[in-house]
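Residue numbers count from 1 along this sequence. Order of appearance sets the numbers: ligands from 1, and atoms from 1 within every ligand.
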Amino acid sequence: MPDETKDLSYFEGKIIPSEDAKISIQTHAFQYGTAVFGGIRGYHNETRKNVFVFRILDHYKRLVNSTKIMQLQFDKTPEELAEITLKLIRDSNLKQNVYVRPIVYTSALQLSPRFHDVKTEIAIYVLKLDDYLDTQNGLRTMVSSWARFSDNQIPTLSKVSGGYVNSALAKSEAVQNGMDEAIFLDARGFVSEGSAENIFLVRNGEIHTPSVPSSILEGITRRSIFKIAADLGIKVVERDIARSELYISDEIFFSGTGVQVAWLKEVDRRKVGDGKIGPVTKKIQSLFFNTVRGEEAKYEDWLTPVY
Ligand code: PMP
């Protein structure tokens, strides 16, 4: 089949060919990481002949909150951003699984790191994307030698570009050690999250996950798992989690827009549970994938059709 898609982006207020969506090397955000971004998935459903974007308004509310935390000048509403995004996917004629990346960045060609009194722009681009990490075969992970930064160093509830230096260090260390992903501890030494995903431990049939004070990003997928688990009658507890609990959990899984729901088979060379996907993870993962693919009527209000 010929490729009938178009590579378009939203840039400086217009949808244009991505090859023309270029910024100067002098751009403020390029120097200082002074940008906030999001990551949103849309899933193609062949039977329903549509693409469904997952929790688009919740993602854009978080983006707007990120600009607020950082004092970035920004006046678009989540509803306006959702409308632009849906048009961008439609204009691109994408009828497959997609990943949308909106970024609000300090666009001035100026020196001096700051957030106040500097011009911003929003750009949005869209990629075809299937799995980002393996969701079926179990991930090998290690606790990072890099600690997660604390909220009073770089605000953890803002998805700020500069903060991803921390993620990049941990991810590279993990991959260069033959692992798939890293697990951060927070500044106190408690479990925080992965390089770009939240973490959940299953112990005695309950799900335990670090809370906001453990320097996590509040994931939209994490929030969806709270709801899915409650509906399945599985208790979820948010609390401080000790490193050694990673070694004796029955099951562990990651959640995130990129990673979706993926299970861990190893942490620090110790097998998680019996080294196979566990029953709780299996239930959550299966309901999650059915939901995002538009096969679960109960969670239809999380989906926005593109066409
Ligand atoms: N933590 C970090 C550091 C992330 O980058 C992400 C990905 N956005 C997540 C957690 C998961 O968040 P979400 O479920 O909203 O994608």
Student: For this output row, return yes or no: ring centroids of F184 and W146 closer than 6.0 angstrom.
Tutor: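 Centroid distance F184-W146: not below 6.0 Å, so no.
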Student: List, ordered by chain and residue number, the protein residues whose closest non-hydrogen atom lies under 4.0 Å from any atom of ligand 1.
Tutor: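 For ligand 1, the residues that come within the 4.0 Å heavy-atom cutoff are H59, R62, R148, K159, Y164, E193, S195, A196, E197, N198, L217, G219, I220, T221, G256, T257.
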Student: Report the residues that fulfil salt bridge (Lys or Arg N to Asp or Glu O under 4.0 Å) with R188, sequence neighbours left out, ordered by chain and then residue number.
Tutor: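 Applying salt bridge (Lys or Arg N to Asp or Glu O under 4.0 Å) to R188 gives D186, D240.
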Student: Quick check: does any side chain N or O of Q31 sit under 3.5 Å from a backbone N or O of H28, one acting as donor and the other as acceptor?
Tutor: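 No; judged by distance alone, with no hydrogens or angles, the pair does not exist.
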Student: Considering only NZ, NE, NH1 and NH2 on the basic side and carboxylate oxygens on the acidic side, decide whether D91 and K6 come within less than 4.0 Å.
Tutor: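 No salt bridge links D91 with K6.
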Student: Go through the structure and list residues passing ring pair (Phe, Tyr, Trp, His ring centres under 6.0 Å) with F11, not counting sequence neighbours.
Tutor: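 If we apply the ring pair (Phe, Tyr, Trp, His ring centres under 6.0 Å) test to F11, skipping adjacent residues, there are no hits.
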Student: Residues two or more places apart in sequence or in another chain: which of them pass side-chain hydrogen bond (donor to acceptor under 3.5 Å, both in side chains) with R55?
Tutor: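 D58, S224.
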